[in-house]
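Read through the structure below, which is laid out as structure tokens, and then see the notes.
Proteins get letters first, then strands, A, B, ... in listed order; numbering begins at 1 in each.
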There are 2 protein chains.
Amino acid sequence: MISIKEVTKQTGVTVRTMRYYDQIGLLHPAGKTEGGHRLYGEKEMKKLQEIQFLKTIGFSLQEISEMIADENHDWFTGLKKQLGYVSKEKERLAQIEGTLRGLINEIMLNGNIDLFSVQKLIQLYQQNMDKREGYLNQIFNEEESKLLQNLPNINRDDPETLEWIALIAQLKKHMSKGISAPEIQRLIKRMYEKEQETFGDNKEFVEKIWDIRKSPQKSESAGFYPIDAETLDFFEKAYEFYVNKKSNF
Amino acid sequence: MISIKEVTKQTGVTVRTMRYYDQIGLLHPAGKTEGGHRLYGEKEMKKLQEIQFLKTIGFSLQEISEMIADENHDWFTGLKKQLGYVSKEKERLAQIEGTLRGLINEIMLNGNIDLFSVQKLIQLYQQNMDKREGYLNQIFNEEESKLLQNLPNINRDDPETLEWIALIAQLKKHMSKGISAPEIQRLIKRMYEKEQETFGDNKEFVEKIWDIRKSPQKSESAGFYPIDAETLDFFEKAYEFYVNKKSNF
DNA sequence: TATACAAAATGACGTAACGTCAATTTCAAG
DNA sequence: CTTGAAATTGACGTTACGTCATTTTGTATA
């Protein structure tokens, strides 16, 4: 028989917890001293460990209570049910994670972070996909729609998308140095190569996308991530500069 | 001005919820009728939608209250913190999922499903977990951790870092195509150029960083983006291939 | 305009699993 | 026998509402 202090030392649970388990009838002490102090035995320690384990895999004390009490409990069904619940929860969190990444990426690109812009972003996020898809289908033909699937979707941590965001963010960072600065031209070169890599010869498609990007309203309708006008303008000029220089060789 | 019933119809929240939000000062009605019935306006509806959205991404009402009240709230930091929390939770659930699957499999194999056998399985699982933890604690010594903390740590929001991550992720994605594949060599080329750009002549520093990267544990302690051994190995080979080819011209 | 019935209001208790006081009592050592 | 540590009970707080019970207000109809 060991004291409650010894229990807390061995298992890490608090005194309050033991008292609570006693109170709800989940785990009574083996006995008490004359003065009323709780005493626990081997059996209780084992039971406590079971409880701890079942808690880690997500069961409630209520459920644990019933499981342990029921001599012929259907563990198989219970565990499967729990698995279903856990997987669903995990899925939900994955969704949330995606949304958060999307928001963070957008804020990284936008830079300005106040209630107003976040409100706009939230609204953009809440826009239903139907509208977006409808708009896109209006502009692109089937073949191009397939290519659109390849386009980086901002709420994923897709490496392609990440690189686009990183490149644009760097462009913004060094914008003050002018379109001919070596850093800028290096970035543009990378973007040019990446564009080739992703879309190949499909010039027309690229044109259409840039057309959408140039109009903030169109961008919003299409659900593209917003790039501010200044950066876009700067990019176009730097891009032109790069292409011109290139064709001179 | 619309009635509370209309609000519930439009947004799906319950009357009780609106009453609660009023009570805790999160969202007061725009006004009341002579008899005391709550009336809501456009502004309140918008705010309610914001609240709903922030709730879906896991913020508490307390947090939401503060966010909305604070005129210049740091959304970027807040969202990143939330992302950290959410990913951790997701990770925890993934662990639980694994454990549950393990238990279910063992029960399926063992067949007999009574309290006694489940107790044995639970003990087995707990032993494994303890072992695992012991193993991890063995690897992390304090000295190493301190050294790594002192190293110039690259901030995760930095676009430069972001691009490194993106490049490595792409490398991983196309790894199956072999070191000489054009996609791979393009990526390596970019990395090479970026390395020159970022570190210039500081060879020693680069060496140090790569030394850390070669040890997954060190990388994790240092807060670097984790690269698995396979990818690292692949990168080294592809890098060598690139440098050799380059020096042949 | 009186009435009936729906809708809204307030107030209170319940939830899960303890944490955290506060006041009192018991235990173990010296 | 004293003393300080440890343990006890009791009570309230936490989150985001759900769910009664009771009373008041709004509105449509006779």
message: For a quick test of reading the model, state the closest non-hydrogen atom pair linking B/Val13 to B/Val7 and the distance between them.
response: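 What the structure gives for the nearest pair is CG2-CG1, 4.4 Å.
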- request: Find the distance B/Gln62:CD to D/dT15:P and express it as a whole number of Å.
  value: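 For the pair B/Gln62 CD and D/dT15 P, the rounded distance is 7 Å.
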query: Separation of A/Lys5 atom NZ from D/dT8 atom C1', in whole Å?
result: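 Nearest whole value for this atom pair: 15 Å.
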message: Holding to side-chain contact (heavy atoms from CB on, under 4.5 Å), I want the full list of residues that pass it with B/Lys47, two or more places apart in sequence or in another chain.
response: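 For B/Lys47, the residues satisfying side-chain contact (heavy atoms from CB on, under 4.5 Å) (neighbours in sequence not counted) are B/Leu27, B/Ile51, B/Ile68.
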message: The criterion is side-chain contact (heavy atoms from CB on, under 4.5 Å); which residues satisfy it with B/Glu42, sequence neighbours excluded?
response: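 With neighbours one apart ignored, the set is empty.
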task: Tell me, please, which residues at least two apart from B/Glu44 pass salt bridge (Lys or Arg N to Asp or Glu O under 4.0 Å).
output: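 Scan of B/Glu44 (salt bridge (Lys or Arg N to Asp or Glu O under 4.0 Å), adjacent residues dropped) gives none.
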Residues two or more places apart in sequence or in another chain: which of them pass side chain to side chain donor-acceptor pair (under 3.5 Å) with [X]?
X	value
B/Thr77	B/Asp74
B/Ser65	none
A/Thr14	A/Thr17

- prompt: Reckon A/Ile4 touches a base, only the sugar-phosphate, or nothing at all at heavy-atom distances under 4.0 Å?
  reply: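 Sugar-phosphate contact only - A/Ile4 comes under 4.0 Å of backbone atoms but never of a base.
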message: Distance under 4.0 Å to a non-hydrogen atom of chain B counts as contact; along DNA chain C, which nucleotides mark the start and end?
response: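 Under 4.0 Å from chain B, the extent on DNA chain C is C/dA7 to C/dA12.
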Those residues of residues 28-38 of chain B lying under 4.0 Å from DNA chain C by at least one heavy atom: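 Going residue by residue through residues 28-38 of chain B, the ones with a heavy atom under 4.0 Å of DNA chain C turn out to be B/Lys32, B/Gly36, B/His37, B/Arg38.
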field: Sequence neighbours excluded - salt bridge (Lys or Arg N to Asp or Glu O under 4.0 Å) pairs with any residue from residues 86-99 of chain B
entry: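 Passing the test, one end in residues 86-99 of chain B: A/Lys90-B/Glu97, A/Glu97-B/Lys90, B/Glu89-B/Arg92, B/Glu97-B/Arg101.
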field: Inter- and intrachain pairs under salt bridge (Lys or Arg N to Asp or Glu O under 4.0 Å), touching residues 54-68 of chain A, at least two apart
entry: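 Every pair satisfying salt bridge (Lys or Arg N to Asp or Glu O under 4.0 Å) with a residue in residues 54-68 of chain A: there are none.
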- prompt: Is there any side chain to side chain donor-acceptor pair (under 3.5 Å) pair reaching into residues 21-33 of chain A, and which pairs are they, with sequence neighbours excluded?
  reply: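 Of all non-adjacent pairs touching residues 21-33 of chain A, those that pass side chain to side chain donor-acceptor pair (under 3.5 Å) are A/Asp22-A/His28, A/Asp22-A/Arg38.
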task: With a 4.0 Å heavy-atom cut-off, tell me which residues in residues 10-22 of chain B come close to DNA chain D, sorted by residue number.
output: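 Listed by number, they are B/Thr14, B/Arg16, B/Thr17, B/Tyr20, B/Tyr21.
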